[in-house]
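A, B, ... follow the sequence lines: proteins, then strands. Residue 1 opens every chain.
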Number of protein chains: 4
Amino acid sequence: MPHRSAPPADELADGSEPLQRRRRKEARPQELLDAALALFVEKGFAAARAEEVAQRAGVSKGTLYLYFPSKEELLKAVITQNLGSRIVAGAELVAAHPGTATELLNVILVDWWTQLYDSPAAGVFKLVITEVRNFPEIAGFYLREVVQPAHDLLGAVLRRGIAAGEFRDVPIDHAVHSLVLPLIMVCLHRHSLGACQVDWQIEGRDFIGQHVQLVLAGLRAGAPNPA
Amino acid sequence: MPHRSAPPADELADGSEPLQRRRRKEARPQELLDAALALFVEKGFAAARAEEVAQRAGVSKGTLYLYFPSKEELLKAVITQNLGSRIVAGAELVAAHPGTATELLNVILVDWWTQLYDSPAAGVFKLVITEVRNFPEIAGFYLREVVQPAHDLLGAVLRRGIAAGEFRDVPIDHAVHSLVLPLIMVCLHRHSLGACQVDWQIEGRDFIGQHVQLVLAGLRAGAPNPA
Amino acid sequence: MPHRSAPPADELADGSEPLQRRRRKEARPQELLDAALALFVEKGFAAARAEEVAQRAGVSKGTLYLYFPSKEELLKAVITQNLGSRIVAGAELVAAHPGTATELLNVILVDWWTQLYDSPAAGVFKLVITEVRNFPEIAGFYLREVVQPAHDLLGAVLRRGIAAGEFRDVPIDHAVHSLVLPLIMVCLHRHSLGACQVDWQIEGRDFIGQHVQLVLAGLRAGAPNPA
Amino acid sequence: MPHRSAPPADELADGSEPLQRRRRKEARPQELLDAALALFVEKGFAAARAEEVAQRAGVSKGTLYLYFPSKEELLKAVITQNLGSRIVAGAELVAAHPGTATELLNVILVDWWTQLYDSPAAGVFKLVITEVRNFPEIAGFYLREVVQPAHDLLGAVLRRGIAAGEFRDVPIDHAVHSLVLPLIMVCLHRHSLGACQVDWQIEGRDFIGQHVQLVLAGLRAGAPNPA
DNA sequence: CATGAATGAGACTTCATTCAT
DNA sequence: AATGAATGAAGTCTCATTCAT
């Protein structure tokens, strides 16, 4: 038997099922979620047509409903899928990172947020802000899985910095918000006004770094032992 | 001045028309705008039904269309009416106010924003962020009449502060955003997640003050002549 | 003030509301119910399109939903409205009628059924038989409001006839069915096979009379005191 | 004849193909017809989903279309297959049976109908009544192959009974209907209201016998020579 | 032969808008 | 000016049917 180079990518060794179709089937949900995210962020959930989501994912209307039972369930899947995993990744990033509170905040807020800002997932913030009031289940998920963990994480870092004398003693919750809210805001901006063809823009990536420096400077001002 | 017995409340001296009705007639557009603002912010433009707007304003569906030619025009009127005037008022406030840059920023950002935060007009931010991409005319108006003037105003104050040595030399645009974006964000929050029955809230009014202090501290850090 | 002849029919004395529109509004539900009955009987509930019901009632699709919240509710209304009242009327007819059991059965079964047979309401039998299993609420209503009262009524008359010696002693329930089921069946036939353009028909009205005679003859056979 | 060890159950002597699979393959159409009958009777043709028919027959959606070109053809096959054969069998039963008209009617109406009543084929009546108006071809088949032969057969028996003086002289067609329609009706009932979980039922088998006795009594009443 | 992923026509339902009253 | 009955375009979702594997 002649030596054969690697089999074509679309065939499994066990020949269980035609790969091409299976691969498509497995990829479909993600393709639909991506298309839905983009479209929901662009037009809003109510104004986005289900058929357009399907089209953007390269399938027909009916196929969408093969994978998601309703437009509303699709929305929820979009939100849970795009935020859940990132928060976990962020927490691991912090856990793996030694160093001062200042260094840590730079890692989290600049690196992690810049990456988020550049990904389509940044649009989910717009989606959540727009749709929570119409779909109350989203509120619970978002608070529990996103807001609370992220807020606690940053709060802990700030507290460590204050304890170490890096930062002066400020109200933790408010300081976390001062750090984070503008970062959320630039994500929102990128997908609303920033996506319009206008001659006024926020340079998001530059801003993220500058903002963190400015607020950290405020935190260090008058601290016993500024790094 | 001859004594005149008070006319019946619902009738004008010239007998032209009952006052109460005339008053209501004149108030209609505003009542409709208020109702529309509330409902559009609550549910989003697309998901809000025109009839519900009318109902909330205490009139019938048909009456809405006597005052606004379409739901879309109503949206535009809501936005222009609620932001246009406030910016003018803010500018006048600044012009009338002497003092250091720090004092001025406290006046504008704390006083003016707290007032906005507590008014229904705060919801317009959500509306703009949600709907600009669907109605591009809004982008132009919002930039020209709201963003640009407000940004320029704050930028000028910052520049004055830097010139006076109150603040260190920072990138103006970014610093303005660091100051302002969280304030917009708490307005958004109040009308999205904050409006849900959840046990996690931002205390907006407290935060506004704390945030301005924190960022001003960052601006003064290392300044030649911190006030 | 000159004497004025009767006002035009479309104007109310108290001028409360324009009559023409009001009259239409009040007539709509009945017109829709009639159209729905005809169409549901003709095609079956599932195969009948809501728009066609509306069209047959001379209104547009949307108007249907002004009066009935869904196609299913329309079905239920059709059934309750067309059977509920007739049973009551039948019971009153019996109560008002003196005479022997034989005479009474002739009145009820021949007169009342012939009238039903000739009315569109006869179609409801087809509807009920076809749709009970899909809409279980119908079963309860139909049994309680139609089957049970009618069966009890006829059973009582038969019992009276047996007590009076007019009829021999037979199992009441089965005898009632022997009398009634064929009458239901001709109603069904009229709206299924009988409505097709075929050269085989049941002459319903003749049959009703003959059938009652035949079964009554069977009941009297061997009775102690046949009328 | 040489002794041969029994072949494995799922394999033919000629080794052509496993028996089990071939058997299934050959049985498919019947399994599909049975499933379709049950489901169409239960939900109505329009409301029954093709996939559910397939599922109930233990095959996939696609397989259904290997055996029947469309859902509509499946319906027609269900009807023709379930009624055609039984009528022939009934006619042979009569031909093979000597005796008086009364005896004959007892055989046909009680024995044959009780058997039909207990078989799934009884549901076909519901199907025909429900669907003839939507599929006119059914009308022709049903009349030609079912109604006409059965009616003629019973009519002939009645005529024989009248000629023999067993029965009095009644209108033949109507008398046939008086005999038969209730029997059809109990079949319908069994598959509509009778299939619902309600506390009111017709005891079909008892009724069939009682009904035939009652009507025969009516036919004999006043006959010259009642058997 | 058998499967089940994919399609798209078509049905139900909603709602912005009109207009007779 | 005000109403609310009526409309019909448009959107969500279903399901008979096809076809690549």
[X] has an atom [atom1]; how far is it from atom [atom2] of [N], in whole Å?
| X | N | atom1 | atom2 | value |
| --- | --- | --- | --- | --- |
| B/L32 | F/dT3 | CG | P | 10 Å |
| B/F68 | E/dA16 | CZ | P | 16 Å |
| D/F40 | F/dA16 | CZ | C1' | 11 Å |
| B/E31 | F/dA1 | CD | C1' | 15 Å |
| D/E72 | F/dC15 | CD | P | 18 Å |
| C/L74 | E/dA11 | CG | C1' | 15 Å |
| C/E26 | F/dG4 | CD | P | 15 Å |

Checklist line | Separation of C/Q55 CD from C/E51 CD (nearest 0.5 Å) | finding: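 C/E51 CD to C/Q55 CD: 5.5 Å, rounded to 0.5 Å.
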Notebook entry, point to check: Can you tell me how far the CD1 atom of B/I129 sits from the NE2 atom of A/H191, to the nearest 0.5 Å?
Noted result: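 Rounded to the nearest 0.5 Å, the CD1-NE2 separation comes to 12.0 Å.
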Note to self: One character per nucleotide, please: for nucleotides 7-12 of chain F, 5' to 3', B when the base has a protein heavy atom closer than 4.0 Å, S when only the sugar-phosphate does, - otherwise.
What the structure shows: BBBBSS
Next item on the list: State whether D/F45 and D/K71 meet the cation-pi test: NZ (Lys) or CZ (Arg) under 6.0 Å from the six-membered ring centroid, and within 45° of the perpendicular axis.
Entry: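 Satisfied, under 6.0 Å and within 45°.
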Checklist line | Position toward the 5' end of DNA chain E (nearest nucleotide), A/Y67 or B/P69 | finding: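 So the residue in question is A/Y67.
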Checklist line | Under-4.0 Å salt bridge between D/K126 and D/E42 | finding: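 Salt bridge flag = no for D/E42 with D/K126.
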Notebook entry, point to check: Which one is paired to F/dA1, where only Watson-Crick or G-U wobble pairs with both distances under 3.5 angstrom count?
Noted result: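 Pair assignment: F/dA1 / none.
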Check: Got D/E131 and C/K43 here, is their nearest side-chain heavy-atom distance under 4.5 Å?
Finding: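 No; the side chains remain at least 4.5 Å from each other.
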Next item on the list: Check whether any side-chain heavy atom of A/L127 lies under 4.5 Å from a side-chain heavy atom of A/I138, and answer yes or no.
Entry: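 No, side chains not in contact.
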